Amino acid sequence: MRLVLLSIEFNAGTFSGNGVYACSQARALTQLGHEVLVVAGAPPCHAPAAGSTGPGHEAPPLAAQILHIELPTWGRLDAACAWRDFAAGACRPDVAAAVAAFGPTAILGVDWHSVAAYDALVEALARHNGSGSSSSGSGSSAGSGIAAAAPPYVFLNYRVYHRTASADELAVIEAQEERALRLSAASLVLCRADADYLRRHFAAATDPATGAAPLHVLLPALRADMDALPPPPDVVAQPAAGQDAECCGKHAGVAVLAVDCTGAATATAAATAHDQQTAQAPQQQQAQQAGQVVQALTLPISQQAQQAGRRFLTCCVRISPEKEPHRFVEAVEELQRRGSLQRLGVTPLMAGAGWASEYGAALRERLEAAVPQCVIHDSFLGPAELAAVYAATVLNVHPPTYDAYGMTVVEAASQGAPTLVQGGGHVGATDLLCADSGEVLCCDMDQPADKLADILEALLADRAGLAAVGRKAMAKARSWTEHDNAGALTEADPKELESSKELLHASKERLVSLGVNGSKIDTSIVVASAGDSRSIGREISNYAEDCGCETVVMGSRGLGITKRALFNLLAVGSVSDYVVHHSKCNVVIHKDPSAVKAAAGSSSE
């Protein structure tokens with residue numbers, strides 16, 4: 001396919017996970033053999049107006065061509081960003097000519113900022129083709145179809161900004177997001193929580209009964225440049241038999257305790273330890289420790305990681321109110337007041353863009369005043385630098401109470417660093433990394449700083465348990481790749497969906513023939529965010545819970561004893577196994593007699 005990607009942030013002056021993910025998807029689509037043309041924003045004075053091409057400068061290439069549009073405002077994605085300027089740039093004659101010559105099959109638009117740009121580009125394409133322009137020389141047949149019909153718009157909703165928009169920007173963002181949903185041929189979000197939110201708040205624009213486009217969940221993947229980096233030696237070394245299970249059990253208790261959103265439950269062990277704490281370390285000892293950190297920071301990050309081991313309590317998010325890094329700083333201030341940082345041998349580390357803002361400057365002043373030996377990286381880190389930070393991280397903290405995905409959670413996992421995140425499905429990365437399977441740690445981030453400090457203190461005291469979670473997290477994070485993600489993005493086969501609809505219709509007709517009232521039968525197609533049995537089983541369980549089902553009836557493949565034991569050993573399992581163990585309602589498994597006989601035969605081999 002020939003795809004145009006509209007993204008206000010891409011590879012020029014990247015400042016957030018949105019830009020990283022846009023690059024990741026473009027690169028993976030290109031490597032799968034699709035042709036991609038990117039129209040993207042860039043900071044002032046970055047590049048010539050027409051932009052530049054990708055292949056000569058990227059290895060592997062991000063796209064066949066990248067057209068940059070310089071924007072007067074940079075570093076923000078809220079209603080005050082330069083989305084109108086981006087739209088104005090998208091309708092420039094040179095951009096329209098390039099897109100027309102390219103002849104796209106579809107236009108992929110990232111977030112609400114892309115809707116006005118798509119409208120402007122479509123109008124510019126109509127003018128370009130209506131004028132009979134032959135500037136391409138040969139009159140490319142690829143672009144000749146655009147005059148008849150605009151390329152379909154696919155809405156890549158990396159973040160539902162409507163969820164966190166302030167009152168003064170809500171009207172703008174709400175209007176743009178609703179238009180994107182109505183305009184799109186298909187809409188994709190990064191987590192189930194966002195899909196549920198859109199269905200509730202934009203019901204008319206997401207209801208298939210009104211002709212709305214399908215709304216799918218597509219989990220972002222670990223980007224290729226991070227996936228290519230080797231895991232740290234301490235994670236590669238396998239634990240003794242049974243160690244992971246024991247440690248995971250300990251953390252399961254802490255995680256369940258922390259998830260209590262009423263705040264009534266407390267980490268008893270941590271509170272007891274706090275009561276017995278002595279005063280903070282003497283100032284002389286703090287100064288000596290700070291001097292050692294300053295000396296270490298004169299080395300490259302990779303050497304810092306090798307020398308330090310896992311000693312960082314890390315927070316790596318964009319320094320903006322919507323990412324709520326102040327929660328991390330408040331908890332660190334409390335840990336320092338107790339003397340816990342020194343006792344537990346950890347150093348706070350924060351990394352991300354945005355420190356120059358008033359919010360960022362105030363946060364930095366607070367952290368450095370409370371913990372002079374803290375480490376702050378005030379620029380956007382490359383993959384090798386980021387991997388080195390996470391390789392030296394004992395626990396990563398992702399502070400926002402809502403995040404469409406939280407790519408840094410997966411990036412931390414790729415280096416064996418476990419993460420503490422908001423529970424309840426409000427951070428999309430927990431759709432990939434499962435708390436029940438010991439792959440991530442969940443709590444209520446919206447609680448007093450002293451309670452959050454209790455939880456951090458208890459977790460940091462159990463290094464073996466954190467290491468066990470880190471190993472499980474790394475295995476899962478590296479199992480879902482850019483190619484898997486891009487393949488799923490282009491896999492929405494209308495024929496397959498139509499086949500599913502026909503199967504549902506035939507099943508409904510059969511039930512009616514058996515005497516069931518047809519008006520009482522509802523049918524739905526649920527698309528899993530990934531193709532593994534756990535993701536499909538989780539989608540079935542979630543759907544049953546959302547619909548208030550009393551019973552789930554499923555078929556079984558009839559795995560033999562040998563195969564079932566192997567699947568369980570690999571922690572894969574079947575779809576029916578997952579639903580049986582995780583569904584909150586009754587589950588009835590129907591085994592086809594022929595499958596049972598085949599399974600019996602294979603188990604005797």
Side-chain angles (χ1 to χ4, degrees), residues 18 77-79 109-115 153-220 259 261-262 322-324 400-406 421-432 435 442 444-446 492 497 522-530 535-536 538-550 552 582-585:
N18 287 38
L77 297 170
D78 56 9
V110 174
D111 285 332
W112 67 270
H113 324 92
S114 67
V115 186
Y153 174 73
V154 177
F155 183 32
L156 304 183
N157 199 180
Y158 289 179
R159 180 183 180 91
V160 181
Y161 288 79
H162 181 268
R163 293 186 66 161
T164 56
S166 61
D168 57 342
E169 63 181 0
L170 183 61
V172 170
I173 291 176
E174 183 176 43
Q176 294 299 311
E177 288 188 332
E178 183 172 10
R179 168 146 179 78
L181 291 167
R182 292 184 180 277
L183 185 66
S184 66
S187 298
L188 294 98
V189 293
L190 306 192
C191 64
R192 180 172 161 266
D194 275 359
D196 292 342
Y197 181 91
L198 289 174
R199 292 188 181 106
R200 290 195 309 271
H201 290 269
F202 298 99
T206 56
D207 185 0
T210 65
L215 185 61
H216 301 299
V217 176
L218 180 62
L219 301 181
V259 165
C261 294
T262 65
E322 68 181 20
K323 294 294 185 179
E324 304 176 74
T401 49
Y402 158 73
D403 201 342
Y405 196 68
V421 302
Q422 173 69 37
H426 296 292
V427 175
T430 58
D431 281 354
L432 178 68
C442 294
D444 176 22
M445 288 289 176
D446 188 19
L497 290 174
D522 293 325
T523 60
S524 297
I525 296 175
V526 179
V527 181
S529 55
S535 297
I536 297 171
R538 184 185 302 168
E539 204 67 46
I540 293 172
S541 301
N542 289 337
Y543 183 80
E545 182 180 350
D546 293 343
C547 294
C549 294
E550 295 180 356
V552 174
H582 293 84
S583 179
K584 296 182 179 180
C585 64

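Hydrogens, waters and symmetry mates are skipped; everything else that's a heavy atom, side chains included, is used. Since the structure is predicted, the reported quantities are computational estimates derived from the model, not experimental observations.
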**OP:** Using the test side chain to side chain contact (heavy atoms under 4.5 Å, CB included), find all partners of T164 that sit at least two apart in sequence or belong to another chain.
**Re:** R159, Y402
Original post:
What residue pairs, at least two apart or across chains, pass salt bridge (charged side-chain N to carboxylate O under 4.0 Å, His left out) with a residue in residues 198-215?
Top reply: D196-R199
Original post:
CD/E177 to NE2/H113 distance, rounded to the nearest 0.5 angstrom?
Top reply: 8.5 Å
Subject >> N157: partners by side-chain hydrogen bond (donor to acceptor under 3.5 Å, both in side chains), with sequence neighbours left out >> reply: D111
Original post:
Do any N or O atoms from the side chain of Q422 and from the backbone of M445 form a donor-acceptor pair under 3.5 angstrom?
Top reply: yes
Subject >> Results of side-chain hydrogen bond (donor to acceptor under 3.5 Å, both in side chains) for S187 - residues two or more places apart only >> reply: S184
Original post:
In a check of side-chain contact (heavy atoms from CB on, under 4.5 Å) between W112 and each of V160, L77, I173, which one passes?
Top reply: I173
Subject >> Any residue meeting ring-ring contact (aromatic ring centres under 6.0 Å, His included) with Y153, in chain and number order, not counting sequence neighbours >> reply: Y118
Original post:
Are R163 and H426 close enough that some pair of their side-chain heavy atoms sits under 4.5 Å apart?
Top reply: yes
Original post:
What's the spacing between Q176 CD and S114 OG if we round to 0.5 Å?
Top reply: 9.0 Å
Original post:
Mind checking what makes side chain to side chain contact (heavy atoms under 4.5 Å, CB included) contact with A212, not counting sequence neighbours?
Top reply: T210
**OP:** Quick one: closest heavy-atom pair of G425 and A193, and the distance?
**Re:** O-CB, 3.2 Å
**OP:** Would you please name every residue forming a side chain to side chain contact (heavy atoms under 4.5 Å, CB included) with E178, sequence neighbours left out?
**Re:** R182, F202, A205
Original post:
Of all residues at least two apart in sequence or in a different chain, which pass the side-chain hydrogen bond (donor to acceptor under 3.5 Å, both in side chains) check with Y161?
Top reply: N18
Original post:
Under the side-chain hydrogen bond (donor to acceptor under 3.5 Å, both in side chains) test, which residues partner E324, sequence neighbours left out?
Top reply: R327, T401
**OP:** Could you pull out all residues at least two apart from Y158 that satisfy ring-ring contact (aromatic ring centres under 6.0 Å, His included)?
**Re:** Y21
**OP:** Check the pair V189, H216 against side chain to side chain contact (heavy atoms under 4.5 Å, CB included), reporting the backbone distance first and the verdict last.
**Re:** CA-CA 6 Å; V189 293; H216 301 299; over 6 Å; no
**OP:** Please report the closest heavy-atom contact between A435 and C442, naming both atoms and the distance.
**Re:** CB-SG, 3.8 Å
Subject >> Selection residues 178-201 - residue pairs positive for ring-ring contact (aromatic ring centres under 6.0 Å, His included), sequence neighbours left out >> reply: H162-Y197, H162-H201, Y197-H201
Subject >> Non-hydrogen side-chain atoms of Y405 and L219 separated by less than 4.5 Å >> reply: yes
Original post:
CG of L188 to CG of D194: how many Å apart, nearest 0.5 Å?
Top reply: 12.0 Å
Subject >> Distance in Å, L215 CG paired with L181 CG, rounded so as to fall on 0.5 Å steps >> reply: 7.0 Å
**OP:** Can you see which heavy atom on C549 is nearest to which on C585, and at what distance?
**Re:** O-CB, 3.5 Å
